[in-house]
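Computation of the quantities below employed the complete heavy-atom set of this structure, encompassing side-chain atoms and omitting hydrogens, waters and symmetry-equivalent molecules.
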Amino acid sequence: MTVVDTTPPPRLPVRDRTAAAERAWGGLSPMLTRLAAERASGVLVRELGTLYLSEGRVVHAESPLAPGLDTLLTAHGTLTAEAWRDAVSRADERSGAAHLLLAGGHLAEGALQLCHLGALYDAAYFALAPSSTPGRFRYGVAHRLGPVLPVPVAALERETLRRRDLLRRIWPDPRADSAPLARTRTTAAPKLTARQQALLERIDGTRTAAELARELGRQAFHTLADVRRLASAGLVAPRPPEATTGPVATDDGPAATDEGRAATDDGPTTADERPAAAGTGPVVSGAGPPPGITERIACTTDPHITLLKRLRDALEAL
């Protein structure tokens with residue numbers, strides 16, 4: 001028997017799963033994905049925020065719905081407001097504000113990096129939200145802070161999706177994210193953390209979660225998570241829109257207001273003072289048809305009905 005030596009066949013190509021996943025990733029913003037691929041530098045302006053890029057990576061993010069890095073650093077005494085303003089005013093193309101703060105000994109490098117990443121991911125969550133207007137990119141524009149820790153676009157978008165899913169799992173109704181918040185009564189309030197209690201104490205029916213986050217000096221996303229936990233516990237809810245009431249028109253002309261009503265008994269009468277027609281009750285200014293069952297339930301404070309409404313809203317939001 002003769003043994004013939006043969007050349008082994010070439011190995012089959014193995015696909016790089018990491019690279020394939022990067023190529024298959026569509027991204028939250030096609031423009032941002034394209035800018036990352038071309039390693040662009042500049043600023044991307046979107047409806048709810050701004051992203052600064054350097055060589056295709058995100059180096060800074062801002063949003064009107066998220067406290068800035070200056071707020072996070074100065075709110076709790078990590079940095080003085082005077083030191084921040086001085087660094088920003090002296091920043092130029094060669095030395096950004098971050099470099100000046102580190103060189104002046106105002107901040108430790110680790111503290112700056114930690115706060116910077118928190119502010120970047122926080123603002124990017126809102127900047128990458130679905131928008132109704134196209135984004136605009138301007139090449140060559142840099143932020144006065146300067147580079148700290150660049151973040152890859154794919155990592156930023158994946159973290160944004162993770163945060164969206166986290167909020168949805170906490171409480172699927174997103175109305176509490178943007179509406180003014182009001183407290184609600186509940187029969188069995190759960191035990192709250194110190195952060196949640198401090199947030200709950202500031203809810204007065206006039207401020208939104210973004211305004212509360214700025215007042216407390218906290219990241220907006222963490223505040224949204226606490227708000228949704230409070231909403232799932234039945235402690236807060238979006239403030240219902242106020243009913244608009246106005247003067248009541250009558251057959252004789254516009255309704256009289258309190259200022260136009262006569263102060264004496266023999267003066268002109270108003271709609272409140274005219275005798276009611278036969279077979280009818282007294283006329284009340286601003287009164288309309290009696291509220292139906294839907295309106296009465298919408299304004300009720302009964303804890304059982306409130307619980308049922310929360311369950312209904314959660315099921316509808318799924």
Exercise. Go through the steps for Ser131 and Leu48 under the test side-chain contact (heavy atoms from CB on, under 4.5 Å), then give the verdict.
Key: CA-CA 8 Å; Ser131 63; Leu48 295 179; 6.0 Å; no
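- Between the CG atom in Leu212 and the CG atom in Leu216 there is a gap of 6.5 Å [rounded to 0.5 Å].
- Distance check: Thr208 OG1 to Arg239 CZ gives 10.5 Å after rounding to the nearest 0.5 Å.
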Exercise. Show the numbers, then the answer: is there a side-chain contact (heavy atoms from CB on, under 4.5 Å) between Leu35 and Val153?
Key: CA-CA 9 Å; Leu35 293 171; Val153 168; over 6 Å; no
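- How far CG of Leu200 is from CZ of Arg229: 14.5 Å, rounded to the nearest 0.5 Å.
- Residue Glu55 qualifies as open at atom CD: its count of foreign heavy atoms under 6.0 Å is 12 or below.
- Arg164 and Ala129 get closest at one heavy-atom pair: NH2-CA, 3.6 Å.
- Classified by interplanar angle (parallel below 30°, tilted 30° to 60°, perpendicular above 60°), the ring pair His143/His60 is tilted.
- A donor-acceptor pair is defined here as one N or O able to donate and one able to accept, closer than 3.5 Å; no such pair exists between the side chain of Ser95 and the backbone of Ala91.
- Closest approach of Val236 to Thr184, counting heavy atoms only: N-OG1, 3.6 Å.
- Without hydrogens or angle criteria, Arg57 side chain to Leu149 main chain gives no donor-acceptor distance under 3.5 Å.
- Closest approach of Leu101 to Ala83, counting heavy atoms only: CD2-O, 3.8 Å.
- For the side-chain contact (heavy atoms from CB on, under 4.5 Å) with Leu145, the lone residue among Leu69, Val59, Val88 that qualifies is Leu69.
- Contact record, Ala61 with Leu120: CB-O, 3.6 Å, taken as the closest heavy-atom pair.
- Here the straight-line distance linking atom OG1 of Thr71 with atom CD of Glu215 works out to 12.0 Å at 0.5 Å rounding.
- What you find for Val45 and Arg138 is that their closest heavy atoms are CG2-NH2, 4.2 Å.
- The structure places CZ of Phe221 at 4.0 Å from CG of Leu167, a figure rounded to the nearest 0.5 Å.
- Closest heavy-atom contact between Gly217 and Ala75: CA-CB, 3.7 Å.
- At least one side-chain heavy atom of Arg228 sits less than 4.5 Å from a side-chain heavy atom of Asp177.
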Practice problem: Check the pair Glu157, Leu128 against side-chain contact (heavy atoms from CB on, under 4.5 Å), reporting the backbone distance first and the verdict last. | Solution: CA-CA 8 Å; Glu157 292 184 332; Leu128 293 176; 4.1 Å; yes
